[in-house]
Amino acid sequence: MSKEASSDIGLIGLAVMGQNLVLNMADHGYHVSVYNRTTTRMTAFVDRVQNEEPCSERVHGYESLEEFVASIKRPRKVILLVKTGRGTDAAIDSLLPHMEEGDIVIDGGNAHWMDTIRREKDIRARGLHFMGSGVSGGELGARFGPALMPGGSDEAWTSLQPIWEAIAAKVDPDTGKPYEDYAAGKPITEGTPCTAYLGPDGAGHYVKMVHNGIEYVDMQLICESYFLMKELLSMQPDEIAAVFHDWNQGVLDSYLIEITADILAQRDPRDASRFLVDQVLDTAGQKGTGKWTSISTLDLGIPANAMAEAVFARFLSALKVERVAASQVLKGPGVEFSGDQQEFIDLIRQALYSSKICAYAQGFSLMTEAQQEFNWQLDFGTIAKVWRGGCIIRARFLQKITDAYDNDPELANLMLDPYFRDALHDGQSAWRKVVAAAAESGIAVPAFMSALAYFDGYRSAVLPANLLQAQRDYFGAHTYERTDEERGRFFHVDWPVDGRPEIEV
Ligand code: 6PG
């Protein structure tokens, strides 16, 4: 590699996601300089790439940051895929002294959006550009087409856009169906790319975080569906796999349903007479993006209970030792099922779809509030479009969300869109039966239940908060508004003695 600047872009951080993103860019004809803090990882990667055409000529490794930066054409674009948090700050600190005015730093990690806001401001003050881009799709997505959610400097976006559009997942422009043939191992060049500039500073990372919040609920709902079939209907994993496979042919068609069918059908590599899923310990981990989403819903006052429940469900799962002990002490009603199995499976399908609509309604409500708080102008139709391919929550139903926001960009809640309203009307009877059956049998389905409570609460013109507000006034003189007065007038009475005058506060 000559010393003159000839690479189109650089990437720091060669864990699997970083390596695959480099190969993806190289596949699309870009020359990529790579650097890793631990040099052996960089050399091992570059050695491996020597056998991969056409990437071998397009990937250039550097041991020093100075040479790495010098090898990139101006304005230099450097992607960071390093450990989020302090790792990103440390990488920026060591990189910036080598960069020049107008150069661009892109953070492709799952950063907290407030960190991205801070970094964008700091880096802008130094005359450079910063972009925070969500990258979704796991290892395969990074390699053959992720969904990319960039935010930050719009000027920098002009430089980055051709590369991001080239490497992003692609969908059929008419149907929104992803073009996916990973097995072919060829870059996908046709179709609408799953990326778009989403807004300034932390907008891209915020949208990626909400994507993950929805991902958490989607996964939990699928797990509850599986659990009902396993516990209530006594079905075997391969039978449940067939159900998910079947569901994947209809409105539930999605990546998560597809991989669930694969997972359930998988035999234990140690003993092919059993299924691997039965040997996997029932404790779920998390890296924190679902928790961030839930914290943000609390901070912004958005009732996204299913999102929080999905996080709590993982926390509860982690209490394995306590749960095992409690199962010997706390007795439930005992599981009983006496209906028609096929019918009940279809009820679960409808409950899943209805709950999923609520999860997305919560995610989009959260983004509606966040854009006001952080001064963004998010385009929800575009966000749904970006999520149609490449990302973990990619699903046929995202096209319907795009349609909903195309029809009404000011939609107050996704559930109010005619398509989703009708779907909820159609599904609610089944949904209620499933939740009732789970409650009667003592099977925990927190996401199904909380989504239903959200639906019922949101469609209730009257809630019991009149009593709640009266309680607050009783013990804390927190005042109340009256149904027979205009909004914004607040009253207090000295409870509980009748006849005391009401005062306006
Ligand atoms: C994606 C995923 C990705 C990652 C999550 C997993 O969009 O590609 O969401 O970002 O798999 O960080 O999150 P948890 O470890 O919290 O489940």
Side-chain angles (χ1 to χ4, degrees), residues 13 15-21 24 79-85 87-88 106-113 115-116 132-151 164 167-169 178 180 182 194-196 198 202 204-223 254-260 263 280-297 304 306-318 359-360 363 366-367 383-395 398 447:
V16 183
M17 289 292 283
Q19 292 186 13
N20 282 356
L21 214 59
N24 187 352
I79 304 169
L80 304 178
L81 267 174
V82 297
K83 206 167 163 23
T84 50
T88 308
I106 304 127
D107 177 11
N110 266 334
H112 191 282
W113 83 98
D115 284 338
T116 304
S133 179
V135 177
S136 178
E139 295 173 17
L140 267 185
R143 178 66 186 89
F144 297 110
L148 297 167
M149 293 155 246
W164 247 218
I167 65 167
E180 268 170 22
Y182 296 155
C194 294
T195 186
L198 298 176
H205 272 145
Y206 194 88
V207 170
K208 172 59 172 55
M209 179 195 74
V210 175
H211 163 284
N212 280 32
I214 294 172
E215 174 186 303
Y216 271 54
V217 192
D218 225 345
M219 292 169 79
Q220 177 64 24
L221 289 168
I222 290 172
C223 291
S254 63
Y255 172 71
L256 283 170
I257 296 275
E258 182 190 324
I259 66 163
T260 300
I263 291 166
V280 176
L281 193 72
D282 55 332
T283 61
Q286 54 191 310
K287 290 209 196 113
T289 45
K291 188 176 81 178
W292 291 348
T293 317
S294 299
I295 292 171
S296 185
T297 68
M307 290 199 170
E309 278 298 353
V311 180
F312 292 146
R314 291 198 193 186
F315 289 159
L316 194 61
S317 79
Y360 279 77
L366 176 60
M367 290 190 286
I383 291 169
K385 269 188 194 146
V386 169
W387 289 350
R388 288 180 303 182
C391 64
I392 302 296
I393 63 171
R394 62 187 180 266
L398 277 154

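Counting from 1, the numbers follow the sequence of the chain as shown. The analysis underlying the following values was restricted to heavy atoms, covering all of them including side chains, and did not include hydrogens, waters or symmetry mates. The structure displayed is predicted, hence computed values, not measured ones. Indexing begins at 1, ligand by ligand and atom by atom, following the structure's order.
- Checked against salt bridge (charged side-chain N to carboxylate O under 4.0 Å, His left out), Arg314 has no partners two or more places apart in sequence or in another chain.
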Expected list for residues 388-395: side-chain donor-acceptor pairs under 3.5 angstrom, two or more places apart:
| from | atom 1 | to | atom 2 | distance (Å) |
| --- | --- | --- | --- | --- |
| Arg388 | NE | Lys385 | O | 3.3 |
| Arg388 | NH1 | Gln399 | OE1 | 2.7 |
| Arg394 | NE | Glu180 | OE2 | 2.6 |
| Arg394 | NH1 | Gly390 | O | 3.0 |
| Arg394 | NH1 | Cys391 | O | 2.8 |
| Arg394 | NH2 | Glu180 | OE2 | 3.3 |

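- For the atom pair CD1 (Ile222) and OG1 (Thr260), the distance works out to 4.0 Å, reported to the nearest 0.5 Å.
- A 4.5 Å side-chain heavy-atom check between Tyr206 and Ser296 finds at least one atom pair inside the cut-off.
- Applying the ring pair (Phe, Tyr, Trp, His ring centres under 6.0 Å) criterion to Tyr216, with sequence neighbours excluded, gives no partner residue.
- At least one side-chain heavy atom of Pro146 sits less than 4.5 Å from a side-chain heavy atom of Asn24.
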Please tabulate, one line per pair, the protein N or O atoms found under 3.5 Å from any N or O atom of ligand 1, giving the distance to one decimal.
| from | atom 1 | to | atom 2 | distance (Å) |
| --- | --- | --- | --- | --- |
| ligand 1 | 7 (O) | Ser136 | OG | 2.4 |
| ligand 1 | 7 (O) | Lys208 | NZ | 3.1 |
| ligand 1 | 8 (O) | Ser136 | OG | 3.4 |
| ligand 1 | 8 (O) | Gly137 | N | 2.9 |
| ligand 1 | 8 (O) | Gly138 | N | 3.3 |
| ligand 1 | 9 (O) | Asn212 | OD1 | 3.1 |
| ligand 1 | 9 (O) | Asn212 | ND2 | 3.1 |
| ligand 1 | 9 (O) | Glu215 | OE1 | 2.7 |
| ligand 1 | 9 (O) | Glu215 | OE2 | 3.1 |
| ligand 1 | 10 (O) | Asn110 | ND2 | 2.8 |
| ligand 1 | 10 (O) | Lys208 | NZ | 2.9 |
| ligand 1 | 12 (O) | Asn110 | ND2 | 3.3 |
| ligand 1 | 15 (O) | Lys287 | N | 3.1 |
| ligand 1 | 16 (O) | Tyr216 | OH | 2.4 |
| ligand 1 | 16 (O) | Lys287 | N | 2.8 |
| ligand 1 | 17 (O) | Arg314 | NH1 | 2.8 |

